[in-house]
Amino acid sequence: MNQADHFLSDVDLAKRYKINRATVWRWLNQKPDFPRPVALSDRVRRWRQSEIIKWEQEREKQSAVA
């Protein structure tokens with residue numbers, strides 16, 4: 001993990017991709033390459049921003065090749 005890494009909520013991701021929060025959780029179940037959230041407590045899950053950026057970069061590479 002990057003020392004200055006930030007954590008993103010499902011709300012943050014929904015805003016980032018202009019989707020519904022439920023879609024974030026659907027991606028988690030349907031896209032095996034989608035980053036897994038970190039459990040910060042029993043009911044709090046957050047995504048590392050660095051992992052989200054890496055995932056986006058991989059998707060960009062794949063679309064450039066296709």
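- For residues 13-25, the pairs satisfying salt bridge (Lys or Arg N to Asp or Glu O under 4.0 Å) are Asp10-Arg21, Arg16-Glu56, with sequence neighbours left out.
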Step-by-step side-chain contact (heavy atoms from CB on, under 4.5 Å) determination, Phe7 to Arg48: CA-CA 5 Å; Phe7 288 101; Arg48 287 186 174 100; 3.7 Å; yes
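- Taking each heavy atom of Pro35 and Glu51 in turn, the nearest pair found is CG-O, 3.6 Å.
- Partners of Asp12 by salt bridge (charged side-chain N to carboxylate O under 4.0 Å, His left out), not counting sequence neighbours: none found.
- With sequence neighbours excluded, no residue forms a side chain to side chain donor-acceptor pair (under 3.5 Å) with Arg59.
- Legend: residues meeting side-chain contact (heavy atoms from CB on, under 4.5 Å) with Ala22, ordered by chain and number and at least two apart, are Asn20, Arg26.
- To the nearest 0.5 Å, the span separating CG on Asp5 from CZ on Arg46 amounts to 14.0 Å.
- Tyr17 forms part of a hydrophobic cluster together with Leu8, Leu13, Ile19, Val24, Trp25, Trp27, Leu28, Phe34, Trp47, Ile52, Trp55, judged by ILVMFWY side-chain heavy-atom separations under 4.5 Å.
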Evaluation steps, side-chain contact (heavy atoms from CB on, under 4.5 Å), between Glu58 and Asp33: CA-CA 10 Å; Glu58 288 298 319; Asp33 63 332; over 6 Å; no
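- Side-chain contacts under 4.5 Å among hydrophobic residues (ILVMFWY), followed directly or transitively, place Val11 with no other residue at all.
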